[in-house]
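Heads up, the thing below is written out as structure tokens.
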Amino acid sequence: MPLESLLPVAPFPNGIDHYALGGVLVGLGVVTIYLATAIAPGASTFLESTLSYGSSLSRLDRYRASRDWRVVFTLGIVSGAALYTLATGGGAWVTAVAPWRLLVGGVLIGVGTRLGKGCTSGHGVCGVGSASSTSFVGVLSFLLVAIVTAQLAMAAGVSP
């Protein structure tokens, strides 16, 4: 099978500038947060750290020192997306993906982040950026499973 047949027709439909700028901004944000707080800014521990507000489970104790910071960090992610949408005139709902599919995908991602000890972006940006061998293996695993899953879904006729 030729490689061209596996690639999308338009891999960067809005131009590559948006993706490159986004990557640079994410990288600068990670470096800034790490230098200012010495915390790797992963978002996948937000739920578990937030549970520590109302739970006395000892396994959640490790989050008590950083849970306030994690709430502010997560609110910043959501607020940043909302401000970007308002600034660029985009609509509040910018995807054609059915809401139930987003919900199922969100649940699967939540389970996967717990099983994988972190999310794809956390391992990809922070873990690989800090030369973590665990994150290298994690990112390779995530990519391989995602590529195979996407190919199987396309072969089955599933589309967004």
Side-chain angles (χ1 to χ4, degrees), residues 11-95 97-150 160:
F12 299 104
N14 297 323
I16 198 166
D17 299 354
H18 296 81
Y19 302 98
L21 178 61
V24 168
L25 291 175
V26 167
L28 286 174
V30 167
V31 168
T32 301
I33 290 170
Y34 192 77
L35 289 175
T37 66
I39 296 174
S44 64
T45 53
F46 166 73
L47 177 61
E48 204 165 0
S49 67
T50 302
L51 290 175
S52 71
Y53 283 109
S55 173
S56 59
L57 291 175
S58 60
R59 70 181 183 89
L60 299 177
D61 288 344
R62 62 185 164 160
Y63 298 115
R64 293 188 195 286
S66 65
R67 65 185 180 189
D68 294 342
W69 179 88
R70 293 183 190 283
V71 168
V72 171
F73 177 67
T74 303
L75 291 174
I77 292 172
V78 174
S79 300
L83 289 173
Y84 177 82
T85 299
L86 290 173
T88 59
W93 194 254
V94 294
T95 182
V97 178
W100 72 268
R101 287 184 175 183
L102 294 173
L103 179 64
V104 170
V107 169
L108 291 174
I109 288 172
V111 171
T113 58
R114 295 295 43 158
L115 293 175
K117 306 286 187 205
C119 64
T120 51
S121 60
H123 279 293
V125 175
C126 300
V128 170
S130 62
S132 163
S133 58
T134 301
S135 291
F136 277 112
V137 172
V139 168
L140 284 175
S141 300
F142 302 152
L143 287 174
L144 288 174
V145 171
I147 290 168
V148 169
T149 302

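Because the structure is a prediction, the values reported are computed rather than measured. Computation of the quantities below employed the complete heavy-atom set of this structure, encompassing side-chain atoms and omitting hydrogens, waters and symmetry-equivalent molecules.
- By the side chain to side chain contact (heavy atoms under 4.5 Å, CB included) test, Thr74 pairs with Phe46, sequence neighbours left out.
- Rounded to the nearest 0.5 Å, atoms CH2 (Trp69) and CD1 (Ile33) are 5.0 Å apart.
- Every residue meeting the side chain to side chain donor-acceptor pair (under 3.5 Å) condition with Arg70, not counting sequence neighbours, appears here in chain and number order: Thr45, Ser66.
- Annotation: side chain to side chain donor-acceptor pair (under 3.5 Å) contacts of Arg64 (sequence neighbours excluded): Asp61.
- Evaluation of the side chain to side chain donor-acceptor pair (under 3.5 Å) test over residues 119-129, restricted to residues two or more places apart or in two chains, returns His123-Ser135.
- Enclosure of atom OH in Tyr63 by more than 12 non-hydrogen atoms of other residues, nucleotides or ligands within 6.0 angstrom is indicated.
- By the 4.5 Å heavy-atom criterion applied to side chains, Phe142 and Cys119 are not counted as neighbours.
- Considering only residues two or more places apart in sequence or on other chains, Val104 meets the side chain to side chain contact (heavy atoms under 4.5 Å, CB included) condition with Trp100, Leu108.
- Using a distance-only test at 3.5 Å, with no hydrogens or angles considered, a donor-acceptor pair links the side chain of Ser130 to the main chain of Gly127.
- Legend: side chain to side chain donor-acceptor pair (under 3.5 Å) pairs involving residues 49-58, not counting sequence neighbours, sorted by first then second residue: Ser52-Arg67, Tyr53-Asp68.
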